[in-house]
Structure formats: C-alpha cells, structure tokens
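Everything below concerns the one structure shown next.
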There are 2 protein chains.
Amino acid sequence: MTVISHQSIRQALLGRIQSGEWALGSRIPGETDLATEYGCARTTVNRALQALADEGLVVRKRKGGTRVCHMPVRQAKFEIPILREQVGAAGCDYSHRLVSNKLKLPPPPVRSRLHIPAGEKAAHMQTIHYADSRPFAYEERWVNTQTVPEILTAPLDIISANEWLVKTVPFSSGDVAFSAVNANEKIATALETNVGAAIFVIDRTTWLDDAFITTMTLYYKEGYKLHSQL
Amino acid sequence: MTVISHQSIRQALLGRIQSGEWALGSRIPGETDLATEYGCARTTVNRALQALADEGLVVRKRKGGTRVCHMPVRQAKFEIPILREQVGAAGCDYSHRLVSNKLKLPPPPVRSRLHIPAGEKAAHMQTIHYADSRPFAYEERWVNTQTVPEILTAPLDIISANEWLVKTVPFSSGDVAFSAVNANEKIATALETNVGAAIFVIDRTTWLDDAFITTMTLYYKEGYKLHSQL
DNA sequence: AAAATTATTATGTGCATACATAATAACATG
DNA sequence: CATGTTATTATGTATGCACATAATAATTTT
C-alpha cells in the first residue's frame, strides 16, 4: 500500500464500526491485537484510535480498553465566516459602512459578558456590511476599551472593527451562539428588509486568557444559510 | 514538570503565537530547533505542532516550514444536539408525537438530495418533540426506503425516527445547515406559536458511503439558541 | 535565458522500546 | 465481610532512529 498506514488503519477501523461488526458500546480489540492483525506497530494503531476518539466515535479508558461510543453524537466543525471572504467567495464586492461609533455605558448584559466594572464606558459600534452595495449583514458590537484601548484610535471607517480586531488580537478564545429573531425596526432598516423578517443571528464573545475583548451580534440578511459538514 | 510534555509544549507555542512573539504569517523555528530549545525529541514537538495545525493556528509545509496562519479563522466545533438529551439536560421530560407517517412521492429537492429515482416513493414523517408536554421542535423528515427499508416496520410512535436511525445506522456522514425562517401556518400550529415568528432551522442530510439515508428539517421553538465554543 | 535536472531541507510517517498512569481485578487482612 | 493492599492490564506518552515526501534552491543542460 502506498497510502499512509495510520490513516488507512483509521479508515479500516471506521469501516468495521460503521458496518456494525463492532456494535454500539461494545469493546473492540486492544491496540496490541490490532497491531498484530494489521501488521504494524502499536504506536500506529494508537494514533488511529486516538483520531477516532477525537472525533467522538470511540471512547478509550485505561485498562478499560476502547469501546465504540454508544451514543454517537457526531460533531460538526465549521469555520466562523469572515464577512469579507464570505462575500468575496460569492463573487461580490465587499464594503462596509460604520453607522455609529460611540463611547458609552454598556447595558448590564453586555457589561457582565465583558466583565466591565459598573460606571465604566465601552466602545459601541454599528456596522453594515455590503455585498455589491446591497446590505448583507448588520453588526452591533461592544469593545472593552480597558483591554483594547487602541480601538479608540483605529480607523474603523477604513478597516472594519472585526478585521481590525482579528489583526490586532488574533487567536483569542470565544464562544458563539446561533439563533433566529424577527427583524425590528432598526435591523429591518439596516438590512433593507421588512420588520418581522426572520433573521439569522450569530452572537459572539471573545477573550484572551482573562481579558475580555469584545461581544458582537451579527444579523444576517434574510435567507442566509450557514453550511457545515459532519 | 509533571504535566504532559507534548501538551505543555503546545501550550507554550500557543502562548508565543498569542503574545505576538511570532507575528501573523511569519515563520517559526523548525522542529529540530524547538526540540533543542525545549529539551525534548523532535517527535514531541512535531506532535504539538500538528495539533496546532489541526486547530488551524499554524500552516505547515514540507520544506517551507511552519508559519503562523495569517488569516486566523478559528473553527467552532459543536455537537449536533440529540433532542432527548437536550430536553433532559434542561431538566424537562422528553416526549414526542408522530403526527403523520406516509409513503409518498418526494418533491424534487428532496428527491435529488436523497438520490431517489423519479417515480419512486419515500417515507415521509412529521414529528413534534415536547419538553414537559410543551412543543420544543417540529421535525419534517424523508427517509430513503431503498437504503433503509426497515424504517417501514419500525415502531415510530414509541421511538422517534431520529433515534431509530441513530441506533440503526449510526456513524453516517452528513451535512448540516442553519438558517432562520418565519413560521408558516403549519409550523406555527405545531409549535403553538404565531405565524411569522422567527424560527431557528437545522437542515440535515445523512448518508453512509454511497447510500443516502435521510434528510430532515428541524424547526425549533422561537427563542432557541445553539451554543458552541471556539 | 529558458528548461530540465539534481541537491537540499523541513515536515510526515513508521517502528521498537521504555516507562507512566488510571482503572480494574485479585488478594489479603483486620 | 468489609476494607485496604497489591498485581494486572490497556492505554498514554516520550524517545531515537530511519526513511519518505513535497517544496524549494542550486545546478546543469539545451
């Protein structure tokens, strides 16, 4: 075989799981046995099994051995889209407009999400993102000026806050949430759609270690779909 | 150090990336150098770097070396929720009601998604999922009876089609899409909400190798949020 | 100078070995 | 019989080595 052994073994094992040869929750042969069977080193089998474990297909326990996951929750992995790329990929021209950019007191939910002390202000900005000069998404963002004071002097009319943050504080951690809301007056106006339209929403908060950076809500033009494999 | 070396090295490297010591897109030292620096084998550094590459933080090329990803698209990973678990986790009782279950001609979009020949029928079922006897999600599903004929005799009033499929054809591949729609009459009735309400939607199609199994649309009760880390 | 060939380099992979560690089973002890 | 102690076992990790491979750089050939 010219193929890579640990990957083809992973594939072989996956096949035996999918075919039902090893039932849900059942224990599969030990690494040593499999190594003998496939004629390779235990290391190689180990690597294949770890990969399957990472994907949530098997559960491994010391001494307990490896067993097929009895509750196969396949996990979907998808890339948080970057608007410019997303628009570009669709063959459209990307642009954005900073509607407002003020320093003011954040409402309690935002304050707690960004761990901002009471009475402290934060940067609030509203941006409309366009694809070929048609609104594509509306962004509402709060930035913690204690952790990222440089945002105050950034040229946000030229580079969007999102991109500025990606360049300035890349590799931050965060959490995301997806939901749907009916467009209110403000959203409908920004996206040039009707009040009440079903809008796909992404909420996102990011931080770096203990420093909370930004929280953002992104309202997509109606009809938007986010795709992913699993 | 009592900690595991390849993980702590991964952590150390991550720190150097996050701190900006290695700028976006810049090349980082080779495995051999890093191994010397951290006083470990190249294999160990390799493992740490591969992990970072899997997470999309660095890009590795043979001969080209390893460089910090210049366009850091962090990918979110999340588990496709299983309704029963989801409801149970919220401390509610799960139940479901099979509203209809018929064999009929699928509409063209469904037919092509499941690769069903023209003129061939497929199983169509509508299910309402409840949390504490309040509607939680409404499911509309088509099952390819050529690949999974057993579905026709499954007791779908007792076990939901979803769970039956998970048990019968686990570990299938698939794709997912998220979107938002306004509730129409049918959805509104099923979810006991108003027509026009913003509904979070999950579309999902699954297959095993070449065999297309099922396609499903899940309409969540308004206000639902799907969370994830990144 | 353009194109084809060869060397170099950094990562990719596999293997044998050794030892660590968590979970369990077997055993002994009060 | 309950309980604490000691094997046993399967996975987890690290290492040194060898060789494969892709991408680039250097060289030669046309």
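In what follows, chains carry the letters A, B, and so on, assigned in the order in which the sequence lines appear, proteins first and then strands, with residues in each chain numbered from 1.
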side-chain contact (heavy atoms from CB on, under 4.5 Å) with B/K63: which residues, sequence neighbours excluded? none

Of all residues at least two apart in sequence or in a different chain, which pass the side-chain contact (heavy atoms from CB on, under 4.5 Å) check with B/H70? none

Contact residues, residues 62-69 of chain A to DNA chain D [heavy atom, < 4.0 Å]: A/R62, A/K63, A/G65, A/T66

Who passes side-chain contact (heavy atoms from CB on, under 4.5 Å) against B/A76, sequence neighbours left out? A/F78, A/I80, A/V176, B/S228, B/L230

Residues forming a salt bridge (charged side-chain N to carboxylate O under 4.0 Å, His left out) with A/R27, sequence neighbours excluded: none

With sequence neighbours excluded, tell me which residues meet ring pair (Phe, Tyr, Trp, His ring centres under 6.0 Å) with A/Y224. A/F200, A/Y220

Atom-to-atom span, CD of A/Q50 to C1' of D/dG12 - whole angstrom: 7 Å

I need the full list of ring pair (Phe, Tyr, Trp, His ring centres under 6.0 Å) pairs touching residues 43-67 of chain A, with sequence neighbours left out, sorted by first then second residue. none

Give, ordered by number, those residues of residues 36-49 of chain A having at least one heavy-atom distance below 4.0 Å to an atom of DNA chain D; if nothing qualifies, reply none. A/R42, A/N46

Among residues at least two apart in sequence or on other chains, which ones pass side-chain contact (heavy atoms from CB on, under 4.5 Å) with A/S26? A/W22, A/A23, A/V68

Residues in residues 12-32 of chain B with a heavy atom under 4.0 Å of DNA chain D, by number, are none

Integer-rounded Å distance: D/dT13 C1' and B/I9 CD1: 12 Å

Quick test of your reading: applying ring pair (Phe, Tyr, Trp, His ring centres under 6.0 Å), list the pairs with at least one residue in residues 139-173 of chain B, sequence neighbours left out, ordered by first then second residue. B/H124-B/W142

Identify the residue among A/Q50, A/R60, A/E31 that makes a side chain to side chain donor-acceptor pair (under 3.5 Å) with A/T66. A/R60

Rounded to the Å, how far apart are B/R60 CZ and D/dA23 P? 14 Å

A/T205: side-chain hydrogen bond (donor to acceptor under 3.5 Å, both in side chains) partners, not counting sequence neighbours: A/T215

